[in-house]
Amino acid sequence: MTLTLPRWFDLHTHFRQGSAVASYIKAHLDMGCAGALAMPNTQPPVSRISGAAETDGWSIESYSTELRAAGAEVFEQLIVPLYLTRQTTAEIIREGAVSGLLRACKYYPPHGTTNAEHGLPMDDLIGGEVFQAMEECGVILCIHGEQHALSGPDYIDAQQNAETLFYKERMPQLLATHPKLRIVCEHITTRVAAEFVAAAPNHVGATITPQHLLYTLGHLIRGLKYHLYCLPIVKFQEDRAALRVAVTTTGQTKFFAGTDSAPHTTKATACGCAAGCFTGGCAPQLYAMAFEEAGLDLSSAEGHALFERFLCLNGPAFYGFPASAQRFQMEKATSQTPLLETPAGPITPLPLGMGLELTWRMME
Ligand code: DOR
Ligand code: ZN
């Protein structure tokens, strides 16, 4: 069996900075990717619109130039969101939107994940002039939707977690206060978040990663498979089931591919584990496996259409750019995911870290 699809867009990924960027971009190109939204939690963060990179921050302009020089110039789309920090003002948003450089902003909960120390509480932003300016200018808000600063039991237990709290408490308030703000709920992991997005107006969408469609907390904990450790953490069966329903519902337009592929040269350390799963080179294969686990037959016209919608069409439509006219192909055949050697050190792709053999293979 062969799948022929438009080249797809990874609307949430991490290309980092420095010597390994070219390796990460190449891995994306190798998996049929036509463009990407490259997250701004670099070191230093992407916190300004234009001008040269400085010690305290990249600009969207300088970071995009860096990515293009490392191979991203062949992408049909490259979106770099602005990292929302205490330095972000309404004026910056307006000027950025007028310049055409600013298409999206990223909200990180303070200290909520890798390089999130520049984030600020959602409560400080709701009703404020930055969100008002974004709403007026049509700048998309990409949200890492987890309540920050929770202690253990509130952070995660069987009844609730940082994400469900955020979607039950912060998101209704955000939508009520900024009814026109275009929002992407990034890497959603729970039934609560999936149902929230499904019920929200059409200008609210969501990305879903391969790992959250494939795995649950049990997969992570059994054997402490730390390559599966990412944030928001993988959740429970009912959550995975709800995500699978979200992506396989006929005609759905809100849910689209965003891998959150996040390379870490060091995952486990003596006192913890870096958050992030690397799926460069293997994301469409993993998504295809997840759709099959959800019961879809990708050789049927219906299964093909649903998969294409999620991987290749909904994201461009949401962001307002054309789907790719180029094609890539995958075939049903087992394949391996070797270590990715980079100048910064080897990166372990998620399937290798999980001992998972891919059942799909990229074709040249
Ligand atoms: O697991 C994650 N890794 N979640 C994020 O939100 C950030 C990412 C990273 O940059 O490594
Ligand atoms: Zn991310």
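Each ligand, and each atom within it, is numbered from 1 in the order the structure gives.
Taking 4.5 Å as the limit, every side-chain heavy atom of H12 sits out of range of all side-chain heavy atoms of C142. Side-chain contact between L243 and F255: absent, with no pair of heavy atoms (C-beta onward) separated by less than 4.5 Å. With contacts defined as side-chain heavy-atom distances shorter than 4.5 Å, the pair F278/K267 does not qualify.
Near H144, meaning under 4.0 Å from any of its heavy atoms, are these atoms of ligand 1: 6 (O). When each atom of ligand 1 is checked for a heavy atom of A262 under 4.0 Å away, the hits are 3 (N), 8 (C), 9 (C), 11 (O). Close approach of ligand 1 to C230 (heavy-atom distance below 4.0 Å) involves ligand atoms 1 (O). Every atom of ligand 1 is numbered from 1 in the order shown, and the set under 4.0 Å from a heavy atom of T114 is 3 (N), 9 (C), 10 (O), 11 (O). Listed by atom number, the atoms of ligand 1 under 4.0 Å from G276 heavy atoms are 1 (O), 2 (C), 3 (N).
Counting only protein N, O or S atoms, the number found under 2.8 Å from the Zn ion (ligand 2) is 3.
Proximity of the aromatic rings of H28 and F75 is defined here by a centroid distance below 6.0 angstrom, and this criterion is not met.
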Exercise for the section: Quick one: do K235 and T189 satisfy side chain to side chain donor-acceptor pair (under 3.5 Å)? Show the steps, please. Expected result: CA-CA 6 Å; K235 299 297 190 309; T189 68; 2.9 Å; yes

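Not a single N or O atom of C277, backbone or side chain, sits closer than 3.5 Å to an N or O atom of ligand 1. The shortest N or O to N or O distance between R16 and ligand 1 is below 3.5 Å. The N/O atoms of L231, backbone and side chain alike, include one that comes under 3.5 Å of an N/O atom in ligand 1. Residue P232 has no nitrogen or oxygen atom sitting less than 3.5 Å from a nitrogen or oxygen atom of ligand 1, judged on distance alone. For Y108, no nitrogen or oxygen atom sits less than 3.5 Å from a nitrogen or oxygen atom of ligand 1, counting backbone and side chain alike.
A distance-only check finds a donor-acceptor pair linking the side chain of S59 to the backbone of G51 [under 3.5 Å]. A donor-acceptor pair is defined here as one N or O able to donate and one able to accept, closer than 3.5 Å; no such pair exists between the side chain of E76 and the backbone of G35. For R182 (side chain) and G138 (main-chain N/O), a donor-acceptor pair under 3.5 Å exists by modelled atom type. Using a distance-only test at 3.5 Å, with no hydrogens or angles considered, no donor-acceptor pair links the side chain of Q147 to the main chain of F166.
Between the side chains of Q329 and T4, at least one donor N or O sits under 3.5 Å from an acceptor N or O. With hydrogens and angles left out, the side-chain atoms of T190 and E163 include a donor and acceptor closer than 3.5 Å. Under 3.5 Å, the side chains of H118 and S47 contain no donor-acceptor pair of N or O atoms.
Given atom 7 (C) of ligand 1, the protein heavy atom at minimum distance is T113 OG1, 3.4 Å. The closest protein non-hydrogen atom to atom 3 (N) of ligand 1 is A275 O, 2.9 Å.
The proximity of M39 to ligand 1, defined as any non-hydrogen pair under 4.0 Å, does not occur for either the backbone or the side chain. Under 4.0 Å from ligand 1, the heavy atoms of D260 that appear belong solely to its side chain.
Not close to ligand 1: E146, with no non-hydrogen atom less than 4.0 angstrom away. The closest approach between a heavy atom of E186 and any atom of ligand 1 is not below 4.0 Å.
A ring-ring contact (aromatic ring centres under 6.0 Å, His included) with F256 is found for exactly one of F310, F9, F318, namely F318.
Y167 meets the ring-ring contact (aromatic ring centres under 6.0 Å, His included) test with F196; sequence neighbours excluded.
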